[in-house]
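Reviewing the structure listed below.
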Amino acid sequence: METVASTASFVSSASPVAGETDESSHGFLRTAWDFSFRMVLRYIKNSYKDDPFRTFLEVCLIGFIVWYMAKPKYNIGTNKVELSEKEIDELVEEWRPEPLVPALTEFERETLDKAIMIDGPNGTKVRLASGSNNKPVLNFASYNFLGFVDSPELGKHAVESLRKYGVGTCGPPGFYGTLDVHMELEKQIAAFIGHSAAILYSQAFTTTLSVIPCFSKRSDIIVADEGVNFAVQQAIFLSRSKVYWYKHNDMADLERILKDVNKQLVGRRGKNALPRKFIVTEGLFQNTGDISPLVELVELKHRYKFRIILDESFSFGVLGKRGAGLTDHFNIDPHEIDLLIGALCFAIGASGGFCCADKDLVEHQRLSGAGYCFSASLPGILTIAAADAIHALEADPDSYLDNLRDNAVLLRTLLKRIPGLQIDGAADSPLIHIRLAPDALVRMKRSGGAWTKTDIDRVLTDVAEEAQKDGVLLTRAMYVDDHERILPNSSIRICVSSAHTRKEVEKCAHAVKSAVSRITSKKR
Amino acid sequence: MRTLVQRVASVANLNEHSINPNSHWVNLKGSWTTNIVVIIALRLIFGTIPWTTPELSWTLTNLSYCLFQYIMFHGIIGTPFEVNQGAYDNLTLWEQMDNGEQYTPTKKFLTVVPIVVFLISTHYSSYDIATFIINFTAVLIVLIAKLPAFHRVRFFGINMGQNELN
């Protein structure tokens, strides 16, 4: 260190006469370098403080800093593939965009070509646009359970109110879209069912999609029936809750799951100790025509401390002495159902849906129900049509419900006599699914053949076409195949109406019988 | 029985390019500046207490800064307000930062600062063996908690959060 300093000072002191400015700047730089070098050495000597172990630790820490700062960013989850420019160019050359709409399969093309188009208004008798002889056919495909769809009084009153309310409300209910008729209908529905309060949604499908995620969140628990329809499945998926599925209408399985869930929650503390727990099921199942056993459900709910969300889309206006749904059917206090979801587009013949619940739950939905806050409200004429339908049902329930029940029971009895058919569902449900019996399917197949779902769908479509030739409109139950959790077996879904006469019901059964016998006699 | 080392469950999809409103503030320039300012302020405040030696005030500065860092980044899990329906409920602030990316500039800064404070403190004061061990242990704990190998690792069942139901 001393020698370096001495040579530096020697060089700086020995400045030649010629070119004095260059040499002096050179000299200045040299002194600066020498000075800082000596500073660093002095600093290190001070830090050392005669403690080698400590200095070693500090040097390790400095080394750690250097190593850490030099590391590149990376993300734990991704496996990012680094491509060269040439590879990127090649991939871009090869790329062909997929079509926005993929090509239809053969069966999808057939289904599309055979789609039923109704010419004129809907009702119990309709004209088909594609029908060759344009005779009206009996409509057993629409969910027109009480015959309100083509009721002349309802239609007349709706047209009159069109003059007053216009066509649409042009806004969500929270933003100038609430009409006086909305508030009246909500009170009317709550009083009709017997619950505390109700809230109206403008579309029945989105009612379930709004209500369930509104109350059940990511950390909550849902125990749902396996046979629930698509809307309920999507709502459960959207809620991001932990979901357990119990076998369709199997109360023993449900109890096992409820016990298991409660057992898993035992050790928890803090705010995670009490997640919200729901049992979700339907009143009248769309995919099977069954009725859920509400009495046992309520008893289980009280025993295991769960809440019930009941989707009464198909049972509202259909079941019960007054037509108020499953709670009326089983004579249970509606307040036992924590969230009662209903639809106004099936039996009531208007559009939209509702949710009946305690006042606080209904008020919460006015700010957190997605379909309520972000969709336009129900148009005025449809609200009035719904109100009229419920009035008519309240005034004279027996004429509607007794007819409906008798028709349903009659049709079911007649259909059960047809060989080769399998009929499931509750005894007085107007929604009847008919499926081909397994032995009939076996007989129909040529030896060595196997049935795919598409084949069975084709057979059922042919049955519906044959029945159409006899003047009865039937439809195959359609599903979004890729998105159903458990795709139900193919079936023809028959919906009886209270507006059908006894003769018409018998004609339907007769048409089904001849169509089935004609189709099942041919081997495929 | 509490096991020694466990990995905590996480439902957050940490690969998304979304901003976590709970942890985004650490990336802002003001946070970095506040860090430095707080350290300087601590040292000055501890220095003004009468009859403290430089060793004591540096030790106090070092320890309190490491304590703040530990409590804020590694000691508490979850978010004070609802974020993404409880996706981050089991993660400490360090694990929530930058969507789980490692070696980001903020993480590098926050790792280097305690070390630099420690080095400055050893340079400007002379520790005896006890205080040196205290200071060094504090820095070591805070450093180890920040390593990527300890992402979502929990010791002695502390901060395990909510288990996933099966």
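Letters go in sequence order (proteins before strands), and every chain restarts at 1.
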Can you tell me if [X] has over 12 outside heavy atoms packed within less than 6.0 Å of its [atom1]?
X: Arg307(A); atom1: CZ; value: no
X: Phe53(A); atom1: CZ; value: no
X: Tyr70(B); atom1: OH; value: no

Name all residues meeting the side-chain contact (heavy atoms from CB on, under 4.5 Å) criterion together with Ala357(A); count only those two or more places apart in sequence or in a different chain, and write none if there are none.
Leu339(A), Leu361(A), Val362(A)

Does any heavy atom of chain A fall under 4.5 Å from the side chain of Leu147(B), the backbone, both, or neither of them?
side chain

Tell me, for Phe136(B) versus chain A, whether the close heavy atoms (under 4.5 Å) come from the side chain, the backbone, both or neither.
side chain

Counterpart residues, ring pair (Phe, Tyr, Trp, His ring centres under 6.0 Å), relative to Phe64(A) (two or more places apart):
Trp67(A), Tyr68(A)

Just how far is it from atom OG1 of Thr122(B) to atom CD of Glu58(A), taken to the nearest 0.5 Å?
3.5 Å

Interatomic spacing from CG in Leu61(A) to CZ in Phe118(B) - rounded to 0.5 Å:
6.0 Å

Any side-chain heavy-atom pair from Thr111(B) and Ile65(A) closer than 4.5 angstrom?
no

Side-chain donor/acceptor of Lys71(A) to backbone N/O of Tyr103(B), under 3.5 Å:
no

